[in-house]
Amino acid sequence: MTQPTTGLPTDFIRDIIDDDLRIGRLKGQVATRFPPEPNGYIHIGHAKSVCLNFGLASQYQGTCNLRLDDTDPTGESMEYVESIIRDVHWLGFDWRDRLYYASDYFEKLYQFAVELIKTGNAYVCSLNADEVRENRGTFTEPGRESPFRNRSVEENLDLFSRMRAGEFADGAHVLRAKIDMAAPNIVMRDPVLYRIKREPHYRTGAQWVIYPMYDFAHCLSDALEGITHSICTLEFENNRPLYDWIVERLIPENRPRQIEFARLNLSYTVLSKRRLIELVKKGYVQGWDDPRMPTVTGMRRRGYTPEAIRNFCAQIGVAKNDNLIDVSLLEHCVREDLNERTPRVMCVLRPLKVVIDNYPEGQEEHFECQNHPQRPELGVKQVSFSRVLYIERDDFMEDPPKKYHRLGPGREVRLRNAYVIKFERMVKDEASGEVVELHCTYAPETLNGPPADGRKIQGVIHWVSEAHCVPAEVRLYDRLFSIEDPGAEEDFINDLNPDSLKILTSCYAEASLEKVAPGSQYQFERLGYFCVDPDTASGRAVFNRIVPLRDSWTRITAGDKK
RNA sequence: UGGGGCGUCGUCAAGCGGUAAGACACAGGACUUUGGUUCCUGCAUUCGGAGGUUCGAAUCCUCCCGCCCCAGCCA
């Protein structure tokens, strides 16, 4: 028995379902569906819908179908179907044997259309597209009835079967619902139900030359599958009367309830299919799985986890307000998850050589270090130390500000998991004046504690041993667009962030990173979370920055500059 | 302009006539061998505006203002 639940996220859709359950409106259990059109890759906005539909099904012990809404062969393909299946699975959802295609219903849909003709609810209209548009009227003027509106049932039946048989050219005729050309809702002014399109379908091939429109196919597919709650986005609100009109006349005993919610908008990115396709097709990104893309496949390659994405979708809620969610919330969810699960490692992105003058030449030490400071169960690893090291260029300043807790003339700093070292001198390149090497001394007693005199060491920096480290390439990703709402601009390409990708090819990672598996995630201490990219080939590790660590230092310095 | 929706903190979002949850962001502070994590603290006398009903309104009524969607043989 399905019961209203408590303690889970609540929203107006769950309120409606709870009501339906209380009143006993449902014959069986709750049934939802996720109905993407296979003409593109799914993105974070789809993920919101996936989480909603599958989440509802599991919360109410019902079912959620995966249905490919493939009623327009233009642009649809098996590649997209496969990507959608892979991505929804990866997000953590399972539709068992309920994988459906609207194209599997083409014959049934055709019969339903015939029925509509027989009951006088549909007719074949032979106006061309321009004429149909002209006759539709405007927001303020009613439309005019088609001269073909009152054809006999026999003539309509004959014409419609000949449309199917391929006797006519594209656009010669359409099947239209006979509703009301004066309806204030334009959707109800005799909407087109079927169009002739001599285009091969990726699943049905050349079998059909007429294809049902969304409004006709979607509601009937829902009813056929016994969907109880058909959840879609706000822009379909105007189509609801038509949805109900069609189902009422053809499958009245099984009428799904359409509920609309606000689609997701995310700051600093675009989520419209058209714009995403443009980014891919015109090469502004390297593909659907470019780690900067808001696609599920892009986020997966970037290193985001399904848990983080699901949690994000739960956090943003479901309502009917237009929204623009701050990416920082997504980043928060990603960090929250990665902080728990990733081992900590050291990697120097922009190396600066450091020689420890008082450390014996040829000597080396191997320290056992925790993989995670708060989770000892994640085990330990070995970190090697020797006389020549590399530190981050950013961790040394010739003339640092007072609150800078790192290395500079006369300063000392702790090397993470190792000794406290003190600056002695620097070596500059004579031509450029650039600091190319540092000489320091270390305090032997500081390996496992503070200096002998108890003086406080403020800063801790990461490092690698020259003799032990492994080379790596690191790709630093930033937001794809430089303005909050690029989707609002027609020429959104102008708002692309020129610094959305920086490739660093001479990074040094600690020895434990010598062999890494694509997809595995790490925290590079003090830098951020990183993920092994599939481009990692033999001998050379490639890491994607998933998201930087929160950083109160750059915030302070940025503040100083103002 | 006709129709359909929506307006609660910088961004989301609870609230369903009884006197504004929570999250992110932001700002302080504690702790810290990650300027990370964690932990405290602060952050809407006010709910698009104006009237009205009521002992009492973000919640009910009226009018006004603003934003989004619809005139594809796309979904």
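Chain letters run A, B, ... following the sequence lines, proteins first, then strands; residues in each count from 1. Predicted model only: the values in this text are computed from it and were never measured.
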Can a side chain N or O of K320(A) be found less than 4.0 Å away from OP1 or OP2 on rG7(B)?
-> no
rC16(B) and rC31(B): how far apart are their C1' atoms, nearest whole angstrom?
-> 44 Å
Are side-chain heavy atoms of L68(A) and Y80(A) found at a separation under 4.5 Å?
-> no
Hey, which sits more toward the 5' end of RNA chain B by its nearest nucleotide, T140(A) or G171(A)?
-> T140(A)
Is any side-chain N or O of T138(A) closer than 4.0 Å to OP1 or OP2 of rU1(B)?
-> no
In whole angstrom, give me the gap between the P atoms of rU46(B) and rA20(B).
-> 11 Å
Please tell me which of the listed nucleotides, rG10(B), rA14(B), rC74(B), lies nearest to the side chain of D72(A)?
-> rC74(B)
Can you tell me the pairing partner of rG51(B) across any strand shown, Watson-Crick or G-U wobble, with both distances under 3.5 angstrom?
-> rC61(B)
Are Y214(A) and N239(A) close enough that a side-chain donor and a side-chain acceptor fall under 3.5 Å?
-> no
pair_partner(rG2(B)), Watson-Crick or wobble, both distances < 3.5 Å, evaluates to rC70(B)
OP1 or OP2 of rA75(B) sitting under 4.0 Å from any side-chain N/O of R195(A)?
-> yes
Would you indicate what E237(A) reaches in the nucleic acid, counting non-hydrogen atoms under 4.0 angstrom: base, sugar-phosphate, or nothing?
-> sugar-phosphate
Have a look at M213(A) and say if it touches a base, only the backbone sugar-phosphate, or nothing, with a 4.0 Å heavy-atom cut-off.
-> sugar-phosphate
Identified pairing partner of rA75(B), criterion: Watson-Crick or G-U wobble below 3.5 Å | none
Between R67(A) and rA75(B), does any side-chain N or O lie under 4.0 Å from OP1 or OP2?
-> no
Under 3.5 Å donor-acceptor pair, R406(A) side-chain atoms to rG35(B) base atoms | yes
Base, sugar-phosphate alone, or nothing: which one does T71(A) contact when heavy atoms must sit under 4.0 Å apart?
-> sugar-phosphate
Does rC69(B) have OP1 or OP2 sitting under 4.0 Å from an N or O in the side chain of N238(A)?
-> no
Have Q258(A) and E260(A) got a donor and an acceptor in their side chains that come within less than 3.5 Å?
-> yes
Which heavy-atom pair separates E365(A) from Y359(A) by the least distance, and what is that distance?
-> OE1-OH, 2.8 Å
From rC73(B), rG10(B), rG3(B), nucleotide with atom closest to D326(A) side chain | rG10(B)
Ignoring the backbone of L329(A), work out which of rU1(B), rC73(B), rA23(B) is nearest its side chain.
-> rA23(B)
Apply salt bridge (Lys or Arg N to Asp or Glu O under 4.0 Å) to R164(A) and list each qualifying residue two or more places apart in sequence or on a separate chain.
-> E107(A)
R526(A) side-chain N/O to rG35(B) phosphate OP1/OP2 under 4.0 Å | yes
Is the phosphate of rA75(B), meaning OP1 or OP2, less than 4.0 Å from a side-chain N or O of R274(A)?
-> no
Phosphate contact (rU34(B) OP1 or OP2) by H462(A) side-chain N/O below 4.0 Å | no
Any N339(A) side-chain nitrogen or oxygen under 4.0 Å from OP1 or OP2 of rG36(B) = no
chi for rG28(B) classified (syn = within 90 degrees of 0, anti otherwise) as anti
Where the side chain of V187(A) is concerned, which of rC70(B), rG35(B), rU37(B) is the nearest nucleotide?
-> rC70(B)
Provide the distance between the two C1' atoms, one in rC61(B) and one in rA21(B), to the nearest whole Å.
-> 28 Å
Check every strand shown and say whether V174(A) touches a base, only sugar-phosphate, or nothing at a heavy-atom separation below 4.0 Å.
-> base
Taking side chain as C-beta onward, heavy atoms only, is L513(A) less than 4.5 Å from F524(A)?
-> yes
Taking atom P of rU11(B) as reference, at what distance in whole Å does atom CZ of F312(A) sit?
-> 16 Å
Nearest to side-chain heavy atoms of H332(A), which nucleotide of rC12(B), rC24(B), rU1(B) | rC24(B)
Are R33(A) and S230(A) close enough that a side-chain donor and a side-chain acceptor fall under 3.5 Å?
-> yes
Among rA25(B), rU34(B), rC12(B), the nucleotide that comes nearest once only the side chain of I325(A) is considered = rC12(B)
Answer yes or no as to whether rC73(B) has its base stacked against Y194(A), where stacking requires a ring-centre separation under 5.5 angstrom and planes under 30 degrees apart.
-> no
Give a yes-or-no answer on whether the side chains of R344(A) and H462(A) include a donor-acceptor pair shorter than 3.5 Å.
-> no
Which base sits across from rA30(B) as a Watson-Crick or G-U pair, both distances under 3.5 Å?
-> rU38(B)
Is the shortest side-chain N/O distance from R550(A) to OP1 or OP2 of rU37(B) below 4.0 Å?
-> yes
Among rC12(B), rC73(B), rC6(B), which is the nearest nucleotide to the side chain of N321(A)?
-> rC6(B)
The answer to which of L330(A) and A418(A) contacts RNA chain B further toward the 5' end, by nearest nucleotide, is L330(A)
Does OP1 or OP2 of rA71(B) have a side-chain N or O of R144(A) closer than 4.0 Å?
-> no
Among rG5(B), rG35(B), rA75(B), which is the nearest nucleotide to the side chain of S552(A)?
-> rG35(B)
Side chain of A319(A) (C-beta onward), nearest among rA13(B), rG3(B), rC73(B) | rA13(B)
D485(A) versus N265(A): any side-chain heavy-atom pair under 4.5 Å?
-> no
Who pairs with rC24(B) - Watson-Crick or G-U, where each distance is under 3.5 Å = rG10(B)
Choose from rC74(B), rA71(B), rU34(B) the nucleotide whose nearest atom is closest to any side-chain atom of R136(A).
-> rA71(B)
Rounded C1' spacing from rC43(B) to rG17(B) in Å | 28 Å
Just checking V345(A): base, sugar-phosphate only, or nothing, at a heavy-atom cut-off of under 4.0 Å?
-> nothing
